[in-house]
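Structure record follows, encoded as structure tokens.
Here is how names work: the chains are called A, B, and so on, in the same order as the sequence lines, proteins then strands, and each is numbered from 1. Scope of the values below: all heavy atoms of this structure, side chains included, with no hydrogens, waters or symmetry mates.
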Number of protein chains: 2
Amino acid sequence: MSEEHWTPPAVLLAVDLVILTLRESRLHVLLIERGVEPYQGALALPGGFLQHAEEDLIAAAHRELAEEAAMDIETLHLEHLGVYGDPGRDPRGRVVSIAYLAIAPGLPEPTAGSDAAGARWHRADQVLSGELRLAFDHRRIVEDGVERARAKLEHSALATAFCGPTFTITDLQRVYEAVWGVSLDPRNFYRKVQKTSGFIVPAGPERKATTGRPARLFKAGPRKVLYPPMVRPVEPSNAKEPKE
Amino acid sequence: MSEEHWTPPAVLLAVDLVILTLRESRLHVLLIERGVEPYQGALALPGGFLQHAEEDLIAAAHRELAEEAAMDIETLHLEHLGVYGDPGRDPRGRVVSIAYLAIAPGLPEPTAGSDAAGARWHRADQVLSGELRLAFDHRRIVEDGVERARAKLEHSALATAFCGPTFTITDLQRVYEAVWGVSLDPRNFYRKVQKTSGFIVPAGPERKATTGRPARLFKAGPRKVLYPPMVRPVEPSNAKEPKE
DNA sequence: CAAATAGTGTCTATCAGACACTATTAG
DNA sequence: CTAATAGTGTCTGATAGACACTATTTG
């Protein structure tokens, strides 16, 4: 083709957001109920079209979040998750969607925005299992987002962000267990976390109210990249061959 | 915004390709010399605009590869690398580029296509060091691609794809050393590779011509995901804290 | 006291890395 | 023989996982 005498076709660009949080020790994803066709009434990820040609992609993602879920969270860190651009994924025509991922603690119950009949938290496992059905290819996007979150817990200090400003080691363990969907030995977890230098540092008066011995409080340490990493228990399917 | 009574803006969508190969035990990246403005004459990644609104992104990537580098490699596996969409990254206007990555062995010397004054292999380290300057934000894209390749060697059997149908363990070691930019102990490497079950399996007559003891030949095994993974030597910056 | 949670000590199997040593070829 | 590359054995220190044990609280 000759680049000089030809105008490239324009494409509709959308952003979709996978917003994950932890509620009652379970991983939840933010979903809206679509207010317009296509898929009116179905559950979907928040998102929408770029508003004008010069709009920054991340800015568009933040704008959609504010519009559709009334979440004006300036500080929410969005990271690129993937591109979903199969022709035919959207009945309105060729829509290429850039997906962003945010993982954050204790996000508020959202309120419905103008575009969406409702925006609510739903359990991620219900989406992954197919118990909840999503519009478009959004289940696939959630799958990718959850897998990304699981991987990030291994190598980054993300888990501390799910806890309050101070937390106990057991609190932190709950985060790993919820996102990974496993249960961990508290004693080995305790030392594993301590040995990963810079991950957590002691904080404040070392007490807390429940039954049992009071736990020490910690806060997030300076390290954002964990070394050594926290490794997920090996899934049986990935496990070592039966014999040799 | 009201989705019903408003037409979203269209955006120019491009694909860019990071094609990596190994030549003389060094990692090389395919670059074209741009034949048109902007950045005429500068080195850049192969790529270009989507041709029509319904074109599949991967198909567009393959097409550009054929057009710009005369590489009609149907089998070349392209994987999504990232999205580069900063407003201002392209002087022609808002261009959002989807980058794809391919990693393959012994690719041929490309010939110039119609769009590009030339397409040639260049050493990846010269791009990363800034010795070679690329158009747009393409150096950044190459950085991301090389990092992705390094990570893939750890967890996937990709390295075998860089070798011929059969290879010696030393051949395989050269791949790791070239991509990671390190040198490895041949004896530990030997057993590490053997212990990763399904990674490589013995092949053919166990001989090969050079000086020294003949080496056994192997071929790629059934496993695509390596367990245990091949781990890169820890960079000093990532290493354990000086003391405690 | 019992129950519950927090935190420590310790054993074992495994593994990465270092490196001495043997094996097999060419010249 | 020497040089060179292939392949094995073995030691050491670190680590993951299992789990006994101690510590500190509430009721």
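In this structure, A:Lys192 does not reach the D:dT15 phosphate: none of its side-chain N or O atoms is under 4.0 Å from OP1 or OP2. Regarding contacts with the backbone of C:dA6, a side-chain N or O of A:Thr170 is found under 4.0 angstrom from either OP1 or OP2.
Proximity of a side-chain donor or acceptor of B:Asp185 to a complementary backbone N or O of B:Asn188 within less than 3.5 Å is detected. Counting only distance, with no hydrogens or angles, the side chain of B:Arg174 and the backbone of B:Ile169 share no donor-acceptor pair below 3.5 Å.
One can place CD of A:Glu154 at 12 Å from P of D:dA16, the figure rounded to the nearest angstrom. Look at CZ on B:Arg213: it is 18 Å from P on C:dC21, rounded to the nearest Å. As rounded to whole Å, 12 Å separates atom C1' of C:dG7 from atom CG of A:Asn188. C:dG9 atom C1' lies 14 Å from atom CG of A:Asp185, rounded to whole Å. In this structure, A:Phe189 places its CZ atom 15 Å from P of D:dA18, rounding to the nearest Å. In this structure, CG of A:Leu217 is placed 17 Å from P of D:dT24, rounded to the nearest angstrom. One interatomic measurement links the two molecules: CD of B:Gln194 to P of C:dC15, which rounds to 15 Å at whole-angstrom precision. Rounded to an integer number of Å, the gap from CZ of A:Arg232 to P of D:dT15 is 21 Å.
DNA chain D is contacted by both A:Val231 and B:Ala215; B:Ala215 maps to the nucleotide lying nearer its 5′ end (nearest heavy atom per residue). Residue-to-nucleotide proximity on DNA chain C shows that, of B:Pro228 and B:Arg187, the 5′-proximal contact is made by B:Pro228. The residue among A:Gly212 and A:Tyr190 whose nearest nucleotide of DNA chain C is located toward the 5' end is A:Gly212.
A donor and an acceptor atom sit less than 3.5 Å apart, one in the side chain of B:Arg191 and one in the base of D:dT10. In the interface, the side chain of A:Arg216 is not paired with the base of C:dT5 through any donor and acceptor atom under 3.5 Å apart.
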Base-pairing string, 5' to 3', of DNA chain C - Watson-Crick or wobble, under 3.5 Å, | interstrand: |||||||||||||||||||||||||||
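In summary, A:Arg150 and A:Glu154 do not engage in a salt bridge, as defined by a charged side-chain N under 4.0 Å from a carboxylate O.
Between B:Tyr176 and B:Phe189, the distance from one ring center to the other falls under 6.0 angstrom.
Taken from CD in B:Glu143 to CD in B:Glu147, the straight-line distance is 10.0 Å, to the nearest 0.5 Å.
When the options B:Leu31, B:Leu76, B:Val29 are evaluated for a side-chain contact (heavy atoms from CB on, under 4.5 Å) with B:Ile19, the one that passes is B:Leu76.
Summarising the local packing, CZ of A:Arg23 is surrounded by more than 12 heavy atoms from other residues, nucleotides or ligands at distances under 6.0 Å.
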